[in-house]
Amino acid sequence: MNHSREIPEYLQDIKRIIIDPEVARSPLTRRVKKRLPHLAAHILEPGETPDLDSSVLYLKNYRGKFLRFCPGTRNYRCCGYRIIHVGENCPLGCTYCILDSYFQDRSLKVWANQADLFAELEKAFRANPEHLFRAGTGEFTDSLVLEPITSYSRDLIEFLADYPHVCLELKSKVTDLSWMQTVRDPRLVLPAWSLNSPEISRKHEKRAHSLEDRLAAARECAGNGFRVCLHFDPIVHYPGWEKGYGRTIEMIFDYLRPEEIAYLSLGSFRCMPELKTEIQNKRPDCTFIYNEFVTGLDGKDRLFLPLRLQQFRFMVDRLREKGLQQQIYFCMESDTVWKKTLGYTPRDLGGLDRHLLNRAFG
Amino acid sequence: MDKKNNTAGDLIRLDAREIDLSGDWILWPREPDNILLESLQTQGQLQPVLVQDQNPTRLISGYSRVLALRELERDVLAIKTDMAGKDPGLVYVQSNCGREPATGQKIAALRYCRRDTELLKKMYPALGIDASSREHKLWEDWLGVEEKWDSLLSRDHLPLRAGVFLAKMDPEDREVLYPFFRKLSWSQSNALKFFTWLIESARMQEGSPAELIREKGLEKILSEDLSPKDATSRIINRLYSLRYPHVAVFLEKKDALCREITAGTGWRAAHTKNLESTELSFCAAVNSTSQMKKLARELAELAESGAFEKWLALRENTLETGGTEGEK
């Protein structure tokens with residue numbers, strides 16, 4: 001596992017740092033410049049428009065909302081996760097990544113006005129001390145991918161140590177564990193890893209750490225008193241998917257015991273139609289985008305429901321055989337899917353949001 | 001005739017028979033029609049033609065007028081043009097582009113420039129095609145396709161957008177596709193479905209469009225005794241079944257069921273949510289109160305007859321079996 005601050009390969013494409021003038025002297029900016037001393041840092045003039053592409057790390061004075069609701073839709077069951085918005089985009093470049101069609105440019109953006117972030121979080125969390133929060137940073141970026149140069153997760157963990165009603169999920173495809181030594185109460189941090197079949201991971205998550213490394217990191221966390229979360233998302237339908245996903249499920253339990261897993265989500269590949277064009281251009285050899293996708297109730301392309309059910313049934317059965325029960329949930333699926341695979345609906349659990357809060361704080 | 005001692009820009013009279021019309025830059029040659037002949041006979045030649053400032057006198061622009069004046073045995077009023085540093089094809093197009101050129105005319109002009117990229121850049125605006133426009137991009141793609149396809153495009157057998165797909169294909173794939181467009185004329189919508197579903201099905205099976213067509217015998221549809229409309233429809237349906245095998249089977253069953261449960265009534269049933277929802281919509285057109293009452297009775301009878309339960313059973317069956325009868 002990486003506990004050091006070497007610059008990993010997936011961050012080597014960063015060639016320039018652009019900084020908003022308001023955050024030119026912020027602690028986070030100073031830290032980044034110190035860790036990337038070889039890179040030119042340009043502080044924007046007031047009113048100057050930055051020239052942004054994937055080689056840019058943009059330290060931004062963010063003016064939007066830092067604490068957000070997950071953008072779920074009413075037609076499918078959302079897990080009620082709260083997003084702590086710390087930045088945008090990811091350097092891992094996974095083929096299926098929705099961020100490609102989500103943001104205007106591919107620069108790595110980090111909100112460097114952390115004082116504003118912490119002020120907003122403090123206001124929200126202090127106002128509701130009885131309310132449990134399950135929050136995370138892995139929605140618009142990978143929670144740990146920039147950790148070697150920003151230590152953002154470490155800062156957030158230090159800040160949240162004063163809020164025992166907030167559980168922080170760090171969702172990633174890399175194995176940076178440098179934040180771990182900062183944690184005072186491991187029950188309040190949920191390290192989480194996205195998983196996929198070995199074939200999909202090898203072909204479409206080329207810059208991410210291997211499945212074995214991710215699971216080894218999860219085991220190390222479990223060994224240090226953390227419970228971990230796992231996310232099969234996106235599940236892809238391809239010839240031989242049963243073997244592939246079956247293999248990954250086997251691997252999970254080579255590294256973890258069921259009780260070490262707080263929860264595990266299943267989400268089928270879904271996307272706004274524009275992403276298909278992005279993927280076609282970026283990866284002409286990618287075939288899974290030609291699956292039988294239909295327009296779902298949220299306007300996104302989804303695998304035809306009978307085929308989704310086939311995959312979900314298979315995975316739920318395997319996971320149950322291995323001892324997972326109420327840890328399993330679906331990301332953005334209907335009651336039909338829940339009922340036909342798990343045998344119950346989120347309502348039977350008292351609502352998915354509440355159920356996962358119970359699991360997170362359990 | 002007044003051929004001697006004239007310089008470029010001079011208006012001269014020429015014997016129509018002595019003008020050479022063989023230049024390959026005469027891109028849009030057209031026989032004179034009766035309107036032109038009558039106009040020249042009654043009004044005389046109102047506009048001079050353009051000729052090259054050299055011997056023999058070669059026509060740059062004004063083909064129909066010269067032919068008409070030959071037929072009328074009259075002299076031709078011409079302007080001598082110094083063509084040094086100019087391309088006669090570009091001058092021809094610029095002097096003939098009063099109206100929006102037809103597709104075939106654009107093809108001829110663009111193909112004329114095929115070996116000269118600088119000339120091609122000048123030809124686009126002469127044809128009224130802006131360099132930043134979508135049409136410009138579409139023509140760039142089309143020029144990557146063999147010239148034998150041009151006549152099919154001119155005759156509207158396929159849309160210009162087809163070039164986006166054709167240009168990316170291997171020559172062998174294009175060769176296999178050619179009969180589909182030579183024999184049938186495709187609307188833009190059907191042509192785009194044809195290419196999209198064919199190419200995506202082939203990619204999904206990690207093969208080529210040509211292989212898929214041969215493997216599935218799609219070319220046989222062209223030799224069946226079908227009307228063009230039925231033939232395109234059959235090809236499109238076959239391609240949809242290849243591209244969406246499970247969905248196609250479900251849609252067929254669903255449509256049959258919707259027809260069955262509303263047969264003999266004024267209602268039409270439909271489901272548009274691709275199984276993501278159980279909702280079925282019933283609709284009917286009404287133009288009188290009595291008809292409305294009749295429809296209300298029919299709807300009540302439909303509810304009593306278990307029509308909705310039949311739909312739920314079909315949905316359930318599809319979800320359980322995965323609609324596995326689909327073709328792959």
Side-chain angles (χ1 to χ4, degrees), chain A residues 73-77 95 199 203 236-242 268-270 273 276-277 279-314 330 332-341 343 345, chain B residues 137 161 164-165 167-170 192-193 195-209 212 239-254 271-279 281 311-328:
Chain A
T73 54
R74 65 184 174 85
N75 296 300
Y76 300 101
R77 299 292 176 200
T95 306
E199 294 82 6
K203 279 189 195 167
V236 174
H237 198 278
Y238 65 96
W241 61 265
E242 294 98 328
S268 183
F269 176 75
R270 59 208 175 276
K276 181 179 165 189
T277 314
I279 295 175
Q280 278 174 325
N281 294 336
K282 189 171 65 175
R283 290 290 306 272
D285 60 329
C286 174
T287 55
F288 71 77
I289 49 171
Y290 305 119
N291 268 315
E292 288 191 71
F293 294 111
V294 295
T295 306
L297 301 175
D298 52 1
K300 289 183 181 174
D301 286 348
R302 292 170 165 262
L303 191 64
F304 188 44
L305 182 54
L307 302 178
R308 296 211 305 277
L309 280 171
Q310 265 181 10
Q311 291 197 291
F312 288 150
R313 279 194 190 103
F314 173 86
F330 292 104
M332 300 307 291
E333 281 295 348
S334 63
D335 282 353
T336 301
V337 167
W338 280 77
K339 195 80 182 167
K340 285 193 169 295
T341 53
T345 67
Chain B
K137 172 78 182 69
R161 278 183 69 187
V164 175
F165 302 94
K168 288 181 190 154
M169 285 182 176
D170 288 339
L192 297 185
K193 284 177 186 169
F195 283 111
T196 305
W197 293 341
L198 174 66
I199 291 167
E200 292 187 354
S201 302
R203 282 194 187 152
M204 192 63 191
Q205 296 183 24
E206 298 185 351
S208 71
L212 187 71
L239 283 172
Y240 186 79
S241 297
L242 290 171
R243 176 65 185 85
Y244 296 97
H246 297 85
V247 180
V249 169
F250 162 68
L251 291 181
E252 200 174 307
K253 287 182 182 174
K254 181 261 295 178
H271 176 264
T272 56
K273 303 287 175 62
N274 293 313
L275 288 180
E276 294 293 314
S277 145
T278 54
E279 273 178 17
S281 66
W311 152 245
L312 290 180
L314 170 65
R315 181 176 187 266
E316 187 66 16
N317 181 265
T318 309
L319 295 182
E320 291 303 322
T321 62
T324 46
E325 301 97 311
E327 183 179 2
K328 256 291 180 190

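None of the values given here were measured: they were computed from a predicted structure. Keep in mind that the numbers below use all heavy atoms, side chains included, and drop hydrogens, waters and symmetry copies. Chain identifiers are assigned alphabetically (A, B, ...) following the order of the sequence lines, protein sequences preceding nucleic acid strands; residue numbering begins at 1 within each chain.
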Part of [X] lying under 4.5 Å from any heavy atom of chain B:
{"X": "A:Phe293", "result": "backbone"}
{"X": "A:Thr336", "result": "side chain"}
{"X": "A:Leu305", "result": "both"}

>> Less than 4.0 angstrom from a charged side-chain N to a carboxylate O is my criterion; do A:Glu292 and A:Arg302 meet it?
In response: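 Here A:Glu292 does not pair with A:Arg302 in a salt bridge, since their nearest N and O are not under 4.0 Å apart.
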
> In terms of side-chain geometry, is the basic nitrogen of A:Lys339 or A:Glu333 positioned less than 4.0 Å from the acidic oxygen of its partner?
Replying inline: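 Looking at A:Glu333 together with A:Lys339, the answer is no, because their closest N to O distance does not fall below 4.0 Å.
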
>> If you define the side chain from C-beta out and look only at heavy atoms, does anything of B:Ile199 sit under 4.5 Å from A:Tyr290?
In response: no

>> Counting only heavy atoms not in B:Lys168 (residues, nucleotides, ligands), do more than 12 fall under 6.0 Å from its NZ?
In response: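 Incorrect, the count does not exceed 12.
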
>> Need one label for B:Glu316: side chain, backbone, both or neither, based on atoms under 4.5 Å from any heavy atom in chain A.
In response: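 Interface part for B:Glu316: side chain.
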
